[in-house]
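See below for the structure under consideration.
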Amino acid sequence: MRAAHRLLAGLLAAGALALTSTGLTGCAQSVDPIERLGRKAAEKVEERRVSLATARRWGLDEPLAPAPKPPPRHLAKAAGPGLPPVVDRVPTKDKVVFLTFDDGAERDPRFVRMVRELRLPVSMFLTDSVAGPGYAHFGELRAVGATVQNHTLDHPYLPGLPYDGQRWEICGQQTKLKDRFGQRPRLFRPPYGEYNADTLRAAADCGISAVVLWRASMQIDDLRYTEGEQLRPGDIILAHFRGPDELRGASLTEMTTRILRRIQAQGFTVGRLEDYL
Ligand SMILES: [Zn+2]
């Protein structure tokens, strides 16, 4: 997206130069080149929209609304000098929320199809000891647009460990995920959402740019809020890769459909967390 913007800016600059050098500046143009490029970009977006039939196949009344344009720069405030921000809600006024799935226990091939067909932005916080045996599955999710982020090697209660132990858990998973997926995560979620000053220092030392908590969590049928009774702009939603044994018979995709319906009913859509943090 950013590369596309740069390309567009470059094309426009080149176009402006060409017009100046041929003395055409100021002449009335039948189609403004900026407008033409804008229209083309809008058509492209329209082409990529999910069809009504696809949305209905996944149990939604309509496709998710397109995510709003993310802010030009990241707005979350650092937790202290040299420390990453700790974020449970992204600073925005747009009616957009973010979906995060943790651990990596359940590997449901239907979920890969769901993410692909609904073009669902999903951030996956993976724990090596849980997700590791199934990294191929998470690679498939990544190939259809989901992103891989850090949730430690072994899922410990981090405040119970000294700095070195915390650093080992976080940096170790950075390396594992880089080796497996070719990219070092930028985001980190501490197990159970529990952290202390050493966690933030270790996260910074491991190259983490934001520590991600949550404002709402996905239940089998509904959302549970840490505060209030409805979604607010920028809320980060926590879910887990769980299967029917833990979801009273419901599948991961059924749970996700129910939550997407709740999100839509409140007038929200889903954005990509990495565009904001
Ligand atoms: Zn977890």
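The first residue of the sequence shown is numbered 1, and numbering continues consecutively from there. Predicted model, so just to flag it, every value in this text is computed and none were measured. Order of appearance sets the numbers: ligands from 1, and atoms from 1 within every ligand.
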For this session: Run the salt-bridge test on Asp103 and Arg242 with the 4.0 Å N-O cut-off and return the result as yes or no.
Result: no

Seminar exercise, completed: Using a 4.5 Å side-chain heavy-atom cut-off and chaining through intermediate ILVMFWY residues, the residues clustered with Trp168 come out as Leu153

Problem set entry | Which residues share a ring-ring contact (aromatic ring centres under 6.0 Å, His included) with Tyr163, sequence neighbours left out | none

Problem set entry | the Zn ion (ligand 1) - number of protein N/O/S atoms closer than 2.8 Å | 3

For this session: Report yes if the side chains of Arg180 and Val148 come closer than 4.5 Å at any heavy-atom pair, otherwise no.
Result: no

Exercise. Are Asp235 and Arg232 within salt-bridge range, i.e. N to O under 4.0 Å?
Worked result: no

Review item, side-chain donor-acceptor pairs of residues 181-188, under 3.5 Å, at least two apart:
{"unit_1": "Gln183", "atom_1": "OE1", "unit_2": "Arg142", "atom_2": "NH2", "d": "2.8"}
{"unit_1": "Arg186", "atom_1": "NH1", "unit_2": "Ser209", "atom_2": "OG", "d": "3.3"}
{"unit_1": "Arg186", "atom_1": "NH1", "unit_2": "Leu277", "atom_2": "O", "d": "2.8"}
{"unit_1": "Arg186", "atom_1": "NH2", "unit_2": "Glu274", "atom_2": "O", "d": "3.3"}
{"unit_1": "Arg186", "atom_1": "NH2", "unit_2": "Leu277", "atom_2": "O", "d": "3.0"}

